[in-house]
Amino acid sequence: MKVFAETDRIILREIVMGDAPAMFEMDSDPEVHRYLGNNPVKTISEIEDAILFIRKQYTDFGIGRWAIVDKATGEFLGWGGLKYRTDTVIGHTGFYDVGYRLLRKFWGMGYATESAKASVKYAFEKLKLDSVYAMADVENAASRNALLKTGLKITAQLDHEGTPCDWFELSRAEWNKQNCIRQALSTDAPKIAELIIAAMDDLALKFSGAAEAQGAIPLFQHFAGLQGNQYSYENVLVYQDEDDVCGIICGYDGADLESLRKPFLDYIRTESGIVLDPEFETQAGEYYIDSLSVAPDQQGKGIAKKLIIALIGKARSLGHKNVGLLVNVHNPKAKKLYLNLGFVVVNERKFMGGDYFHMQYLV
């Protein structure tokens, strides 16, 4: 069974005949069809025919609606994804439409937005489409809001089979602008690990016991993909260009340092016999920038500056008053970057055998 995309909560996979009972529960509900022509299905055979039609689209066009499945439970939540449209709508023929439909018991939980965002991401990153489109009843506020949160914009209104609808569009160029910096996902773990190791340099080797950076990747990839630790994707913002993640910044509440580093230190002690007791590089009252890294071929484009500004914004939104970090005293270029952004040196510290400036930014 092919999986097309996934997020932290859901999997988007092909629809199969085994989904028929759940799809019948959804599509026989009059409330689900309130903005879909008020024509709920009456028999499960109608659903089976619909599934056969969708599976034929997989064969004919390589794409069709996907099942939205709860990652933790495997429960069918509804359908979403992309559909190739061969009809003509306000001058567009042969286009890709973003859609979703959920069982009523899963409304209001953010699954529509989450599936639509994953669908748009797939459209631009995997299919390399130039544009995607969508349509929603002008009175269906929930659906309209979900599409707007995805980044789609209303560009027109039309009459669709007697129903006034908003027409949504999003180009790949506009999506790239909107999605340069985003919250990391667990699936970003390989790239997070690579970039964190580049930022840490020799410290990554001390933690992993590896002789070279490549050997440290499994350790940091493991923890980047988990929750509740110092290097977790939860604490990371990524900068993504058209092709891949090319920059990361990792930050968290300094008050949580001890609890965040404990799983990591316990693991390397148990698995590798490496016993370390690093100094506390931050403390309560400070939102701490643990790591900042940009891929070598992307440096000099202002990506680091954008990531720092984004993290400061995140800290502000969480109610923090100070953002802090350590800069190696032998890295004047990094120190200058932070000084130019408004950071000041508050003291000097030792950490893991190195000398560092402790710098802070007043939010």
Side-chain angles (χ1 to χ4, degrees), residues 7-9 108-111 113-114 117 145-146 148-151 177-189 191-193 195-196 199-200 220 223-240 245 247-265 278-294 302-327 334 337-347 349 351 356-363:
T7 71
D8 289 336
R9 295 194 300 167
M109 299 180 183
Y111 290 120
T113 300
E114 195 167 335
K117 283 183 176 180
N145 288 339
L148 290 169
K149 288 177 183 177
T150 303
K177 290 179 184 178
Q178 295 173 2
N179 288 273
C180 284
I181 296 178
R182 61 170 173 80
Q183 173 62 46
L185 304 172
S186 59
T187 50
D188 295 315
K191 200 66 182 182
I192 293 171
L195 290 168
I196 282 182
M200 295 180 70
F220 285 90
F223 278 94
L226 299 177
Q227 297 178 337
N229 71 83
Q230 196 169 357
Y231 306 109
S232 170
Y233 68 91
E234 297 175 301
N235 302 321
V236 176
L237 298 178
V238 301
Y239 186 101
Q240 180 166 344
V245 170
I248 62 99
I249 190 165
C250 177
Y252 44 79
D253 188 339
D256 297 332
L257 175 62
E258 186 170 12
S259 62
L260 288 173
R261 68 161 45 160
K262 186 178 187 301
F264 183 83
L265 296 177
E279 300 90 336
F280 279 71
E281 64 261 46
T282 184
Q283 65 280 315
E286 178 179 82
Y287 199 81
Y288 182 65
I289 299 177
D290 184 287
S291 307
L292 170 66
S293 182
V294 177
I303 294 173
K305 180 178 178 181
K306 291 177 182 177
L307 284 166
I308 296 164
I309 292 171
L311 194 82
I312 289 172
K314 180 180 179 180
R316 181 183 294 112
S317 71
L318 294 171
H320 291 274
K321 303 301 181 185
N322 282 296
V323 175
L325 66 140
L326 298 185
V327 175
L337 169 66
Y338 287 109
L339 288 173
N340 288 341
L341 286 171
F343 285 79
V344 297
V345 175
V346 292
N347 55 49
R349 289 185 178 180
F351 180 69
Y356 293 83
F357 293 116
H358 178 209
M359 303 183 73
Q360 284 188 336
Y361 178 94
L362 183 62
V363 176

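Because only heavy atoms are used, hydrogens play no part in the values below, and waters and symmetry mates are left out as well, while side chains stay in.
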| query | Do Q227 and Y233 have side-chain atoms, one donor and one acceptor, less than 3.5 Å apart? | reply | yes
| said: In the structure I gave you, are the side-chain heavy atoms of L185 and V238 within less than 4.5 Å of one another anywhere? | reply: no
| note | Closest non-hydrogen contact found for P263 with G228 is CG-O, 3.7 Å
| task | Consider only side-chain N and O atoms of Q230 and N235, and report whether a donor and an acceptor are under 3.5 Å apart. | result | no
| F357: ring pair (Phe, Tyr, Trp, His ring centres under 6.0 Å) partners, not counting sequence neighbours | none
| field | Results of side-chain hydrogen bond (donor to acceptor under 3.5 Å, both in side chains) for R261 - residues two or more places apart only | value | E281
| Going by heavy atoms in the side chains, are V345 and N347 under 4.5 Å from each other? | no
| message | Tell me if the centroids of the rings in F264 and F220 come within less than 6.0 Å of each other. | response | yes
| Short question: side chain of S232, backbone of L226 - any donor-acceptor pair under 3.5 Å? | yes
| Are K262 and D256 within salt-bridge range, i.e. N to O under 4.0 Å? | no
| query | Taking T113 for the side chain and G110 for the main chain, is one N or O donor matched with an acceptor at less than 3.5 Å? | reply | no
| CG-CG distance between L260 and L265, expressed to the nearest 0.5 angstrom | 11.0 Å
| Nearest heavy atoms of I196 and Y231, plus distance in Å | CD1-CD2, 4.0 Å
| message | I'd like to know if the side chain of E286 reaches the main chain of D253, judged simply by a donor and an acceptor atom lying under 3.5 Å from each other, with no hydrogens or angles considered. | response | no
| query | What are the two closest non-hydrogen atoms of V323 and F343, and how far apart are they? | reply | O-CE2, 3.5 Å
| said: Let me confirm one number: the CD1-CD distance from I303 to Q240, rounded to the nearest 0.5 Å. | reply: 11.5 Å
| Contacts of type side chain to side chain contact (heavy atoms under 4.5 Å, CB included), residue L318, not counting sequence neighbours | Y287, K314, H320
| said: Measuring only between side-chain heavy atoms, which start at C-beta, is Y239 closer than 4.5 Å to I248? | reply: no
| query | Is the side chain of Q183 donor-acceptor paired with the backbone N or O of V236 at a distance under 3.5 Å, no angle test? | reply | yes
| query | Do T7 and E114 meet the criterion of a side-chain donor-acceptor pair at a distance under 3.5 Å? | reply | yes
| note | Separation between OG1 (T282) and CG (L257), nearest 0.5 Å, reads 6.5 Å
| remark: Closest non-hydrogen atoms of N322 and G285, given as atom of the first, atom of the second and distance, are CB-O, 3.6 Å
| message | Q283 vs Y288, test: side chain to side chain donor-acceptor pair (under 3.5 Å). Steps then yes/no. | response | CA-CA 8 Å; Q283 65 280 315; Y288 182 65; over 6 Å; no
| L307 to L237 - nearest heavy-atom pair and separation | CD2-O, 4.1 Å
| Are the side chain of N229 and the backbone N or O of F223 linked by a donor-acceptor pair below 3.5 Å? | yes
| message | So which atom in A224 and which in I192 form the shortest heavy-atom distance, rounded to 0.1 Å? | response | CB-CG2, 3.8 Å
| Is a side-chain N or O of S293 found less than 3.5 angstrom from the main chain of L195, in a donor-acceptor match? | yes
| Quick check: are there more than 12 heavy atoms from other residues, nucleotides or ligands sitting under 6.0 Å from CD of E258? | no
| field | Value rounded to 0.5 Å, distance of CG in L325 from CE in M359 | value | 6.5 Å
